[in-house]
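Keep in mind the model is a prediction, meaning the values are calculated, not measured.
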There are 2 protein chains.
Amino acid sequence: MSRPTIFDVARGAGVAISTVSRAFSNPQRVAEETRERILRVAEELGYVPNPHARALTSRRTETIAMVVSDITNPHFFEIIRGAEMRAKASRFTLVLVNAEESARIEMEQIARLARSVDGFLLAASRLPDEDLLQLAGTHSVVMVNRQVQGIPSVILDQKEGCRQLVVHLASLGHSSVVYLSGPRNSWIAASRWQAIRDSAAACGMSALRMGPYTPTVSHGGAAADAALTTGATALIAHNDLLAIGVLRRLAARSVRVPEDVSVAGFDNIFAADLCSPSLTTLSGVHADLGRSAVELLLDGVAPGPRTGEAPRLVLPSQLVLRSSTGPAPVAV
Amino acid sequence: MSRPTIFDVARGAGVAISTVSRAFSNPQRVAEETRERILRVAEELGYVPNPHARALTSRRTETIAMVVSDITNPHFFEIIRGAEMRAKASRFTLVLVNAEESARIEMEQIARLARSVDGFLLAASRLPDEDLLQLAGTHSVVMVNRQVQGIPSVILDQKEGCRQLVVHLASLGHSSVVYLSGPRNSWIAASRWQAIRDSAAACGMSALRMGPYTPTVSHGGAAADAALTTGATALIAHNDLLAIGVLRRLAARSVRVPEDVSVAGFDNIFAADLCSPSLTTLSGVHADLGRSAVELLLDGVAPGPRTGEAPRLVLPSQLVLRSSTGPAPVAV
DNA sequence: GAAAGGGCGGCAAGCCCTTGCCATGTGTTT
DNA sequence: AAACACATGGCAAGGGCTTGCCGCCCTTTC
């Protein structure tokens with residue numbers, strides 16, 4: 001015996017299938033009494049509407065896709081987690097896809113899912129602006145940790161966060177800072193560098209960008225070596241993973257942190273508090289990024305007139321001071 | 001202009017829609033030459049089959065759902081990651097759902113998705129065996145980190161791993177070990193305790209189970225306090241998070257690790273190598289769990305005769321020795 | 001050269017719902 | 001009492017695809 005369909009419910013309740021359909025998807029269109037009867041019959045029969053049949057005509061799927069640029073990066077998991085929880089709260093299903101740091105794969109995956117989801121969450125997308133704008137023309141899209149004019153987005157406040165971080169370093173007496181940059185086409189890396197450079201200028205510090213580096217622990221070694229050649233006393237790594245890699249290499253080279261060199265990262269991952277020395281980092285509630293992004297997407301997906309402007313959410317970030325930053329060494 | 005359908009392609013290629021359909025889903029059923037022509041037209045038109053229409057008749061969705069018992073637990077992310085990558089390799093889509101440690105929610109989510117996916121990956125399911133067996137009767141199911149008679153599963157080798165861990169502690173001179181247990185209805189917690197108890201007995205050690213504890217850092221404090229009352233010199237925590245919490249509390253209470261007490265965990269999370277002292281832990285390639293689980297599921301989903309037995313994969317685990325375990329203190 | 005077989009394409013019946021439009025019945029207004 | 005508005009339910013046309021079955025034609029076989 002196969003699963004009951006809308007016909008079985010209609011027969012059981014003595015109504016037309018259209019009425020059953022509306023009892024589920026358009027409740028106020030059906031008399032209270034009728035609806036209750038239908039729901040009761042459906043319950044008894046164990047009827048669940050077939051989502052595909054539903055999607056076929058209604059073009060709504062109650063599913064959203066989250067595309068992350070690199071699923072191996074633990075930083076995204078908080079975002080994914082927040083997104084999943086928020087999606088679930090609205091009875092939406094979350095599909096997870098990995099772009100493997102490739103714009104081509106990202107595009108392929110999006111094309112593949114275009115018909116199966118109501119919208120896309122693009123986390124740290126590597127696609128060029130044009131592609132994104134085109135996509136946003138035909139689908140609901142929300143960017144996470146990237147801003148593109150005209151597309152809704154959610155980011156953590158890099159500007160203010162970087163400013164605080166630079167001011168912190170400046171007030172410790174550092175006069176030069178190196179930013180160990182993340183991937184070349186990472187919007188957030190560009191945005192961090194810009195904020196660091198501007199803030200450094202405002203503090204009278206010199207700022208230098210090095211890299212790009214793949215932001216993993218294993219690439220921290222090269223980054224540290226390169227940074228040491230500059231003589232800078234303050235290092236800001238693109239993220240905590242890279243920063244931890246830097247710390248390791250510095251330890252291996254007997255460079256003391258923070259006595260000789262100060263190091264800071266981004267994301268405040270769990271390990272940032274455990275490594276030695278513990279890591280000063282720019283923190284933020286990443287789960288909220290995912291949550292807010294879904295919220296924005298659901299707003300956009302909902303029928304009704306668009307508000308004129310694409311919303312740009314900027315969530316607060318906060319500086320977490322630990323022991324990897326300290327006073328600049330006294331000049332020799 | 002709306003998206004092209006199979007009709008447009010059929011017209012363009014001068015064939016019937018059934019032929020177009022087969023050109024995509026049953027290539028060897030169509031002459032090579034015809035197929036090429038169809039694919040070329042489809043390409044030109046930008047035709048992509050509508051997955052919902054497809055699913056409606058074929059009952060295949062090329063989608064699998066991964067249900068995790070608690071999405072806030074970082075341990076799962078490796079598994080999710082492995083699963084996503086493997087699914088993608090077979091052009092399957094992965095849906096992620098969170099059971100929030102609740103059997104009820106887990107069941108609801110499964111019911112909701114039952115029609116939209118080809119199968120379920122249940123990671124650390126909290127459902128009773130009966131429910132799982134019933135589910136496995138109607139759907140393709142693969143269990144991750146749990147074994148149920150008759151259902152395909154993938155686990156890390158707890159038994160041998162725990163044995164090695166206990167032998168390691170025994171050979172360091174410890175004569176008593178405490179297992180700080182994970183959640184009550186966690187299969188893996190039960191399985192670990194059983195392996196620890198048996199191995200301890202074989203080594204002439206006494207073993208004690210305490211808890212259950214929610215396996216997070218914050219619950220490690222209570223676990224540590226409780227464990228200290230027993231006078232045991234070796235502590236095995238349900239996972240690394242709990243172990244790190246234990247380490248923190250011990251440090252706060254000035255109990256030296258490993259001089260006074262040895263501590264070990266499970267999972268070898270990234271932070272295990274960074275905490276102080278670094279943590280001895282039972283490691284395993286968790287991404288492989290996800291990968292293998294998807295593989296098993298795809299095997300099960302594929303048409304064709306079932307092999308008689310439900311496969312039970314046991315992936316190797318390995319003991320990673322770090323500095324949180326050491327010789328037992330000399331008795332006073 | 002006739003019969004048998006295989007490869008290939010087409011027909012048409014679904015798969016299970018949503019939704020625009022119409023029909024009916026009831027209550028309200030003038 | 002006529003005219004109307006509104007609430008409610010039904011009809012039927014899809015939505016875009018898969019697949020069992022049939023039939024055609026070209027090979028092969030004896």
Side-chain angles (χ1 to χ4, degrees), chain A residues 1-39 41-42 45-63 111-118 301 303, chain B residues 1-39 41-42 45-63 112-118 301-303:
Chain A
M1 165 79 198
S2 71
R3 304 188 61 133
T5 74
I6 200 170
F7 285 92
D8 304 314
V9 179
R11 181 152 18 87
V15 294
I17 60 161
S18 47
T19 308
V20 176
S21 172
R22 283 192 275 257
F24 279 94
S25 48
N26 202 355
Q28 75 281 15
R29 184 70 178 61
V30 169
E32 180 60 21
E33 193 191 352
T34 315
R35 210 186 98 236
E36 271 174 14
R37 182 155 38 94
I38 290 172
L39 293 186
V41 172
L45 263 46
Y47 168 72
V48 179
N50 181 320
H52 296 295
R54 220 169 197 187
L56 193 54
T57 46
S58 72
R59 293 162 177 295
R60 278 175 279 103
T61 62
E62 317 226 302
T63 299
R112 195 168 65 83
L113 291 172
R115 300 291 270 277
S116 339
V117 303
D118 290 338
V301 160
Chain B
M1 166 78 197
S2 71
R3 305 188 61 131
T5 72
I6 199 169
F7 285 92
D8 304 314
V9 179
R11 181 151 19 87
V15 296
I17 60 163
S18 47
T19 308
V20 177
S21 171
R22 282 192 277 255
F24 279 93
S25 48
N26 203 354
Q28 74 283 16
R29 185 69 177 64
V30 170
E32 181 60 20
E33 191 191 351
T34 316
R35 209 185 98 237
E36 272 172 16
R37 181 155 38 94
I38 292 173
L39 293 186
V41 172
L45 263 47
Y47 167 73
V48 179
N50 181 320
H52 296 296
R54 214 168 204 189
L56 195 52
T57 46
S58 71
R59 295 164 177 294
R60 278 176 279 102
T61 62
E62 315 227 304
T63 299
R112 191 169 66 83
L113 290 172
R115 298 291 271 277
S116 340
V117 303
D118 290 339
V301 160

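- Atom P of nucleotide C:dC17 and atom CZ of A:Arg11 are separated by 13 Å, given to the nearest angstrom.
- The distance between atom CD of A:Glu62 and atom C1' of C:dC17, rounded to the nearest whole Å, is 14 Å.
- Considering only side-chain N and O atoms, B:Arg54 lies nowhere under 4.0 angstrom from the phosphate OP1 or OP2 of D:dT19.
- Within a 6.0 Å sphere centred on CD of B:Gln28, heavy atoms belonging to other residues, nucleotides or ligands number more than 12.
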(request) Assign a letter to each nucleotide of nucleotides 9-14 of chain C from its 5' end: B, base within under 4.0 Å of a protein heavy atom; S, sugar-phosphate only; -, no contact. (result) BBB--B
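- Distance A:Leu56 CG to D:dT18 P: 12 Å, rounded to the nearest Å.
- The interatomic distance linking B:Asp8 (CG) with D:dG16 (C1') rounds to 11 Å, in whole Å.
- Closest contact between the side chain of B:Ser21 and the listed nucleotides C:dT19, D:dT18, C:dC17 involves D:dT18.
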(message) Set out, in order, the CA-CA distance, both residues' side-chain angles and the distance that settles side chain to side chain contact (heavy atoms under 4.5 Å, CB included) for B:Glu36 and B:Leu39, then state yes or no.
(response) CA-CA 5 Å; B:Glu36 272 172 16; B:Leu39 293 186; 5.8 Å; no
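- By the 30° and 60° cut-offs, the orientation of the rings of A:Tyr47 relative to A:Phe24 is perpendicular.
- The side chain of A:Arg59 contributes an N or O atom lying less than 4.0 Å from OP1 or OP2 of D:dG16.
- Under the side-chain hydrogen bond (donor to acceptor under 3.5 Å, both in side chains) rule, B:His52 has a single partner from A:Arg54, A:Arg59, A:His52, which is A:His52.
- The salt bridge (charged side-chain N to carboxylate O under 4.0 Å, His left out) search around A:Arg35 returns A:Glu32, not counting sequence neighbours.
- Distance, B:Asn50 CG to C:dT18 P: 15 Å, rounded to whole Å.
- Residue contacts for A:Phe24: at a heavy-atom cut-off of 4.0 Å it reaches no nucleic acid atom on any strand shown.
- If you check every strand for non-hydrogen atoms under 4.0 Å, B:Thr5 touches sugar and phosphate atoms only.
- Side chain of A:Thr63 to backbone of A:Val117: no donor-acceptor contact under 3.5 angstrom is found.
- Between the side chain of B:Arg37 and the backbone N or O of B:Ala13, at least one donor-acceptor pair lies under 3.5 Å.
- If you check every strand for non-hydrogen atoms under 4.0 Å, B:Val9 touches nothing.
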(request) Test side chain to side chain contact (heavy atoms under 4.5 Å, CB included) on A:Thr19 and A:Val30 and set out the steps. (result) CA-CA 7 Å; A:Thr19 308; A:Val30 169; 4.3 Å; yes
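- In this structure, the CD atom of A:Glu33 is 17 Å from the P atom of D:dA7, given to the nearest Å.
- Comparing the helix axis at one end of the helix from C:dG1-D:dC30 to C:dT30-D:dA1 with that at the other, each defined from 5 consecutive pairs, gives an inter-axis angle of 30° (nearest 10°).
- The distance from atom OG of B:Ser25 to atom CZ of B:Arg60, rounded to the nearest 0.5 Å, is 7.0 Å.
- Here the P atom of nucleotide C:dT18 and the CG atom of A:Asn26 are 10 Å apart, to the nearest Å.
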